[in-house]
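Worksheet for the structure shown next.
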Amino acid sequence: MNRIYNEHVDIDHESLQDFYRKRAVEKVSIDVDAPVVLCGDKDKSKIEIWTSFEIEHRLPLLCLDSNSRVLEVGCGTGRISKYITSVADTYVGVDYVEEFIELIQSREDIEKKDTTYFIHSSIQELMNNEDDFPIEEKFNRFIISGGVLMYINDDEVKTALNSLVGRFDEECIIYLSEPIALKERLTLNKFYSENLESEYSAIYRTEKQYNDIFEVLYKEGFELKVSEEFFYDDIKAQNETKQWIFILQKSKK
């Protein structure tokens, strides 16, 4: 299928899951985090460059401390989880690829406390079955690192955020790293990527479209603190899209 501009086209979840399941098997021998860092397929060094940059320049925006109760959606292979579980009081990582959850649970370089949990679920399924949450306390940190909303259709994104907002504490920081479209919305639906050597689906929304999606958060008192290009020197080098970071924060009134 061709690249689709501006139109709101739903993408296929099952083909995406299959895509990442295959990567969990085929790419892990390159690097434990290779299955989730797509731009590393042709250049393995980009995996370390991305993670090192994020740890040094972006993760501090979360202000993690021993009182942090963290929900990470799309925890993948534990690329960023590794730097969170040892600091936070409580950590819940969620991913809809079971092979990733199995891998992350087996990693010895990720500290796992009694209050560290990894759940095999999509965010949509999790919000439909809130009893599956392992803790009753509300989260004061929410993380998506790399891209998750890009794989969720518009109506599902809004539904998930509507449900999620009730799980956030009265003081909370949201950290969202997602690829965005620079000029106009772009959808790939089972599009064959030469770089990935596979069919691939994703929705690249514009910065304005994400701002519209965030209305549900603004209504609950969140403020947009950061909206800018993620990298100082872009390692992905795409013409129509850029990795972006959004930081939203809610404080006690």
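The residues of the chain are indexed from 1 along the displayed sequence. Small disclaimer: the values here were computed from a predicted structure and weren't measured.
Side-chain N or O atoms of Q17 include one that pairs as donor or acceptor with a backbone N or O of Y96 at under 3.5 Å. Remark: the backbone N or O of F230 is paired with a side-chain donor or acceptor of R58 at under 3.5 angstrom. Side-chain atoms of K112 come within 3.5 Å of backbone atoms of I110 as a donor-acceptor pair (strictly under, hydrogens ignored). Remark: side-chain polar atoms of S15 are paired, donor with acceptor, to backbone N or O of D12 under 3.5 angstrom. Judged by distance alone, with hydrogens and angles left aside, the side-chain atoms of E48 form no donor-acceptor pair with the main-chain N or O of S45 at under 3.5 Å. Remark: the backbone N or O of T241 is not paired with any side-chain donor or acceptor of K183 at under 3.5 angstrom. Of the possible polar contacts, one joining the T85 side chain to the E111 backbone as a donor-acceptor pair under 3.5 Å is found. With S177 contributing its side chain and I245 its backbone, the two residues share no donor-acceptor pair below 3.5 Å.
Residues S66 and D89 come closest through the heavy atom pair O-CB, 3.0 Å. Nearest approach of S86 to K113, heavy atoms of both residues: O-NZ, 3.6 Å. In this structure, E136 and R167 approach most closely via the heavy-atom pair O-NH2, 4.0 Å. Across every non-hydrogen atom of L186 and R3, the tightest pair is CD2-NH2, 3.5 Å. Smallest separation of non-hydrogen atoms from D31 and P35: O-CD, 3.6 Å. Counting all heavy atoms, side chain and backbone alike, V73 lies closest to V148 at O-CG2, 3.5 Å.
Between the side chains of E199 and S193, no donor-acceptor pair of N or O atoms lies under 3.5 Å. T77 and D33 form a side-chain donor-acceptor contact under 3.5 Å, judged by distance and modelled atom types alone. Looking at K236 and Q243, their side chains do bring a donor and an acceptor atom within 3.5 Å of each other. With 3.5 Å as the limit, one finds a donor-acceptor pair spanning the side chains of S227 and W244. If you check the side chains of N211 and Y218, you find a donor sitting under 3.5 Å from an acceptor. Using a 3.5 Å distance cut-off with no hydrogens or angles, the side chains of T187 and N189 do not pair a donor with an acceptor. No side-chain N or O of H120 forms a donor-acceptor pair with one of D95 less than 3.5 Å apart. Between the side chains of E156 and H13, at least one donor N or O sits under 3.5 Å from an acceptor N or O.
Atom CD of E7 is surrounded by 12 or fewer heavy atoms from other residues, nucleotides or ligands within 6.0 Å. Within 6.0 Å of CG on D155 lie more than 12 heavy atoms contributed by other residues, nucleotides or ligands. A 6.0 Å sphere centred on CD of E207 holds more than 12 heavy atoms belonging to other residues, nucleotides or ligands. Within a 6.0 Å sphere centred on NZ of K22, heavy atoms belonging to other residues, nucleotides or ligands number 12 at most.
Put simply, the side chain of K250 does not reach to within 4.5 Å of the side chain of F168, judged on heavy atoms. When side chains are defined from C-beta on, I135 does not count as touching Y91, because their heavy atoms never get closer than 4.5 Å. At a threshold of 4.5 Å between non-hydrogen side-chain atoms, the residues E178 and I144 count as touching. Within the 4.5 Å cutoff, no side-chain heavy atoms of F231 are placed close to those of H57. Residues N153 and I11 have side chains in contact (heavy-atom distance under 4.5 Å, counting atoms from C-beta outward). V94 has its side chain out of reach of Y117: every pair of non-hydrogen atoms, C-beta onward, lies at least 4.5 Å apart. With contacts defined as side-chain heavy-atom distances shorter than 4.5 Å, the pair S68/N140 qualifies. Two residues are said to be in side-chain contact when any heavy atoms from C-beta on lie closer than 4.5 Å; R107 and L103 meet this criterion.
The line from CD of Q238 to CG of N195 is 7.0 Å long, rounded to the nearest 0.5 Å. Here the CG-OG distance, from L16 to S201, works out to 5.0 Å after rounding to the nearest 0.5 Å. Separating the CD1 atom in I47 from the SG atom in C39 is a distance of 8.0 Å, to the nearest 0.5 Å. To the nearest 0.5 angstrom, H8 atom NE2 is 8.5 Å from R205 atom CZ. The OG1 atom of T90 lies 11.5 Å from the CG atom of L71; values are rounded to the nearest 0.5 Å. Here L61 contributes atom CG and K225 contributes atom NZ; the two are 12.5 Å apart, rounded to the nearest 0.5 Å.
Under the 30°/60° scheme for interplanar angles, the aromatic rings of Y20 and Y151 are found to stand perpendicular. Using bins of under 30°, 30° to 60° and over 60° for the plane-to-plane angle, the ring pair Y232/F53 lands in the perpendicular bin.
Here E170 pairs with K252 in a salt bridge; the nearest charged N to carboxylate O distance falls below 4.0 Å. Salt bridge K42/E197: present, at least one basic N to carboxylate O contact under 4.0 Å.
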- Query: Checking side-chain contact (heavy atoms from CB on, under 4.5 Å) for the pair I174/F246: CA distance, chi angles, key distance, verdict?
  - Reply: CA-CA 8 Å; I174 297 176; F246 302 98; over 6 Å; no
- Just do the salt bridge (Lys or Arg N to Asp or Glu O under 4.0 Å) check on D212 and K208 with the steps written out, would you? CA-CA 6 Å; D212 292 343; K208 181 184 183 302; 3.3 Å; yes
- Give the intermediate values and the outcome of side-chain contact (heavy atoms from CB on, under 4.5 Å) for residues I4 and F191. CA-CA 10 Å; I4 304 164; F191 177 83; over 6 Å; no
- Given side-chain contact (heavy atoms from CB on, under 4.5 Å), test S198 with F19 step by step and report yes or no. CA-CA 8 Å; S198 174; F19 169 77; 3.5 Å; yes
- Item | Test side-chain contact (heavy atoms from CB on, under 4.5 Å) applied to S145 and Y175, step by step | CA-CA 8 Å; S145 174; Y175 175 108; 4.3 Å; yes
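The distance between the ring centers of F214 and F222 does not fall below 6.0 angstrom.
Remark: R185 fails to qualify as a cation-pi partner of Y5 under the 6.0 Å distance and 45° angle criteria applied to the six-membered ring.
L196 and I203 fall within a single hydrophobic cluster, where Ile, Leu, Val, Met, Phe, Trp and Tyr side chains are chained together by heavy-atom contacts under 4.5 Å. By the criterion of side-chain heavy atoms lying less than 4.5 angstrom apart, applied directly or through intervening Ile, Leu, Val, Met, Phe, Trp or Tyr residues, I235 is not grouped with I30; the two fall into different hydrophobic clusters. L38 and V32 fall into different hydrophobic clusters, where Ile, Leu, Val, Met, Phe, Trp and Tyr side chains are chained together by heavy-atom contacts under 4.5 Å. Residues V226 and L62 fall within the same hydrophobic cluster, defined by Ile, Leu, Val, Met, Phe, Trp and Tyr side chains chained together at heavy-atom separations under 4.5 Å. Taken together through direct or relayed side-chain contacts under 4.5 Å among Ile, Leu, Val, Met, Phe, Trp and Tyr, L182 and I213 form parts of separate hydrophobic clusters.
Of the candidates K46, E56, R79, T51 forms a side-chain hydrogen bond (donor to acceptor under 3.5 Å, both in side chains) with just one, namely R79.
For residues 61-72, every residue pair satisfying the salt bridge (charged side-chain N to carboxylate O under 4.0 Å, His left out) rule, not counting sequence neighbours, is listed here: R69-D169.
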